[in-house]
Amino acid sequence: MSAGPADELKDWIAATFDHRPADLAPFERALTHGSQAAANYERLEFLGDRVLGLVMAEWLFTLFPAEPEGALSKRLNALVTGAVCADVARGLGVAGHLKLGKQARDDGATDSDNVLGDVMEALIGALYLDGGLDVARAAIRSGWGERVKTQGSAPQHPKSALQEWAAAHNRRTPTYEVVDRSGPHHAPRFTVKASIGTLAEATAEGSSKQEAETAAAAALLTKLG
């Protein structure tokens with residue numbers, strides 16, 4: 001007898017996260033997009049986001065014992081972005097197990113940072129519910145791997161760096177303006193303009209307002225030299 005979809009999903013979860021589910025339901029929900037069912041990943045994403053933050057904070061606290069709170073916060077913020085979560089999800093082959101409505105699939109939701117990042121957090125939430133904190137911690141440490149150690153110093157967030165540049169040069173505080181929003185609800189594209197008074201401006205796109213603001217700040221920093 002060939003394995004059914006449920007057995008195949010259990011096998012993938014066991015191979016990917018080193019945990020065989022006792023209850024498959026939260027994992028099925030974590031992989032279900034809102035275009036497919038009302039019982040989708042959103043609530044589990046809420047839980048998984050908090051579990052990821054706790055595990056990452058604990059991990060960084062141990063890895064960098066000499067760093068102050070501010071530096072640890074910069075590291076954490078850089079490691080839990082939607083883009084990083086989506087990158088982890090791609091590496092684990094999450095996209096092949098998503099349950100999407102036809103329109104969402106046609107619109108490219110299987111490779112959307114927004115969708116994949118949210119689903120990755122939802123899967124962390126499912127792992128926490130089914131296996132506890134130790135299982136979730138092991139999955140996060142395996143999934144994020146060397147990303148946590150690759151930067152020699154805590155990264156400076158582009159928006160913080162731009163604000164510090166403006167203050168150091170006695171310029172106005174940077175402002176951000178959404179100049180365009182396109183794409184379907186589940187895979188939007190935002191274009192944001194970052195400005196420092198009339199001195200300089202730069203625009204950039206992102207799959208969320210925050211992502212576009214960050215990219216615009218980085219672009220403006222590059223322009224300012």
Side-chain angles (χ1 to χ4, degrees), residues 1-64 75-101 104-105 108-151 186-187 207:
M1 183 182 294
S2 60
D7 289 330
E8 290 176 3
L9 182 56
K10 282 185 178 181
D11 289 345
W12 175 73
I13 292 165
T16 303
F17 301 111
D18 195 26
H19 171 73
R20 192 160 189 87
D23 180 8
L24 196 58
F27 295 94
E28 291 177 324
R29 184 164 184 160
L31 291 161
T32 301
H33 187 258
S35 63
Q36 179 69 15
N40 56 61
Y41 58 65
E42 291 175 359
R43 279 175 54 84
L44 282 165
E45 174 207 343
F46 166 82
L47 177 62
D49 176 64
R50 275 69 185 172
V51 175
L52 174 60
L54 170 61
V55 170
M56 194 62 67
E58 172 193 65
W59 195 5
L60 293 171
F61 185 86
T62 303
L63 278 176
F64 304 101
R75 288 188 186 276
L76 187 145
N77 290 336
L79 287 163
V80 300
T81 64
V84 172
C85 290
D87 190 51
V88 173
R90 289 187 184 96
L92 297 176
V94 169
H97 299 273
L98 291 178
K99 297 176 184 176
L100 300 164
R105 192 174 294 280
T110 50
D111 197 43
S112 160
D113 276 4
N114 278 356
V115 173
L116 288 174
D118 290 350
V119 169
M120 190 65 235
E121 290 182 335
L123 284 167
I124 291 169
L127 286 162
Y128 173 77
L129 287 178
D130 192 66
L133 185 58
D134 287 346
V135 166
R137 180 189 291 112
I140 291 166
R141 291 196 173 198
S142 174
W144 265 254
E146 291 303 308
R147 288 176 179 83
V148 178
K149 305 173 187 175
T150 49
Q151 289 162 321
H186 62 268
S207 58

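Scope of the values below: all heavy atoms of this structure, side chains included, with no hydrogens, waters or symmetry mates.
- We find the CE-CG distance between M56 and L76 to be 7.0 Å, quoted to the nearest 0.5 Å.
- When all heavy atoms of R20 and A14 are compared, the pair lying nearest together is NH1-CB, 3.8 Å.
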Could you check Y128 against V135 for side chain to side chain contact (heavy atoms under 4.5 Å, CB included), going step by step and ending with a plain yes or no?
-> CA-CA 7 Å; Y128 173 77; V135 166; over 6 Å; no
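- Residue D23 places its CG atom among more than 12 non-hydrogen atoms of other residues, nucleotides or ligands, all under 6.0 Å distant.
- L79 places none of its side-chain heavy atoms less than 4.5 Å from the side chain of L52.
- Note on R137 versus D134: salt bridge recorded, some NZ/NE/NH1/NH2 to OD/OE distance being below 4.0 Å.
- Taking CD of E45 as the reference point, atom SG of C85 lies at 9.5 Å (rounded to 0.5 Å).
- Here the shortest heavy-atom pairing between W144 and V84 reads NE1-CG1, 3.4 Å.
- Here the straight-line distance linking atom OG1 of T16 with atom CG of D11 works out to 10.0 Å at 0.5 Å rounding.
- For the residue pair A30 and A126, the shortest heavy atom distance occurs at CB-CB, 4.4 Å.
- One N or O on the side chain of T62 and one on the backbone of E58 form a donor-acceptor pair closer than 3.5 Å.
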Please report the C-alpha distance between L24 and D130 in whole Å, then the side-chain angles of each, then the deciding distance to 0.1 Å, and finally whether the side chain to side chain contact (heavy atoms under 4.5 Å, CB included) criterion is met.
-> CA-CA 9 Å; L24 196 58; D130 192 66; over 6 Å; no
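- In terms of heavy-atom proximity, A136 sits nearest to I124 at CB-O, 4.3 Å.
- When every heavy atom of I140 is checked against every heavy atom of W59, the shortest pair comes out as O-CZ3, 4.2 Å.
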Please step through side chain to side chain contact (heavy atoms under 4.5 Å, CB included) for the pair V88 and R147, ending with a clear verdict.
-> CA-CA 10 Å; V88 173; R147 288 176 179 83; 3.8 Å; yes
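- The side chain to side chain contact (heavy atoms under 4.5 Å, CB included) test applied to R43 returns R29, not counting sequence neighbours.
- Atom CD of residue E28 and atom CD1 of residue I13 lie 8.0 Å apart, to the nearest 0.5 angstrom.
- Shortest non-hydrogen contact noted between L92 and F17 is CD1-CE2, 3.8 Å.
- Distance alone, capped at 3.5 Å, places no donor-acceptor pair between the D113 side chain and the A86 backbone.
- Counted within 6.0 Å of CZ on F27, heavy atoms from surrounding residues, nucleotides or ligands total more than 12; the atom is thus considered enclosed.
- Note that the CG atom of L100 and the CG atom of L31 stand 10.0 Å from one another [nearest 0.5 Å].
- Here the CG-CD distance, from D49 to E121, works out to 4.5 Å after rounding to the nearest 0.5 Å.
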